[in-house]
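These notes concern the structure reproduced below.
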Amino acid sequence: MKEKIKGTIYLLLATVIWGSAFIAQIRKCNDDIPGEIVSEKIDNIELLVRKIFDRARSNPEIIPDLKKLMDYYLPMTVKLLTAYADMDA
């Protein structure tokens with residue numbers, strides 16, 4: 001039982017740290033991309049991602065459901081935002 005609790009705590013911490021890193025990357029891209037309309041949309045993405053990870057903090061049992069988000073959608077979002085920022089540079 002203690003091992004399961006340790007595993008859950010480790011998974012929660014890793015998820016929160018990884019999520020925070022994605023949020024920081026999204027924020028950086030938002031700072032690098034000009035335009036109020038685009039910035040507002042990126043703010044909405046950031047807000048949604050924050051809400052997801054806040055929910056994961058309070059309900060660690062949903063963390064396994066975030067696998068596709070963290071393995072595909074967030075990296076792809078950051079990649080697209082980074083490319084968009086590079087185009088505007």
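The chain is numbered in sequence order, starting from 1.
Note that NZ of K51 and CZ of R55 are 12.0 Å apart. Values are rounded to the nearest 0.5 Å. The structure places CG of L11 at 11.5 Å from CD of E61, a figure rounded to the nearest 0.5 Å.
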Could you pull out all donor-acceptor pairs under 3.5 Å where a side-chain atom in residues 69-87 meets a protein atom, sequence neighbours excluded?
{"residue": "D71", "atom": "OD2", "partner": "K67", "partner atom": "NZ", "Å": "2.5"}
{"residue": "T77", "atom": "OG1", "partner": "Y73", "partner atom": "O", "Å": "2.7"}
{"residue": "T82", "atom": "OG1", "partner": "V78", "partner atom": "O", "Å": "2.7"}

Using residues 41-48 as the side-chain source, report each donor-acceptor pair under 3.5 Å to any protein atom, sequence neighbours left out, with the distance given to one decimal.
{"residue": "D43", "atom": "OD1", "partner": "R27", "partner atom": "NH2", "Å": "3.0"}
{"residue": "D43", "atom": "OD1", "partner": "N30", "partner atom": "ND2", "Å": "2.7"}
{"residue": "E46", "atom": "OE1", "partner": "R27", "partner atom": "NE", "Å": "3.0"}
{"residue": "E46", "atom": "OE1", "partner": "R27", "partner atom": "NH2", "Å": "2.4"}
{"residue": "E46", "atom": "OE2", "partner": "R50", "partner atom": "NE", "Å": "3.2"}
{"residue": "E46", "atom": "OE2", "partner": "R50", "partner atom": "NH2", "Å": "2.8"}

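Clustering ILVMFWY residues whenever any of their side-chain heavy atoms sit less than 4.5 angstrom apart, transitively, puts I62 in a cluster other than the one holding V16. Put simply, L12 and F53 are part of two different groups of oily side chains (I, L, V, M, F, W, Y) that touch within less than 4.5 Å, one to the next.
Contact of the R57 side chain with the D54 side chain is registered, since non-hydrogen atoms from C-beta on lie closer than 4.5 Å.
Partners of Q25 under the side chain to side chain donor-acceptor pair (under 3.5 Å) rule, at least two apart in sequence or in another chain, do not exist in this structure.
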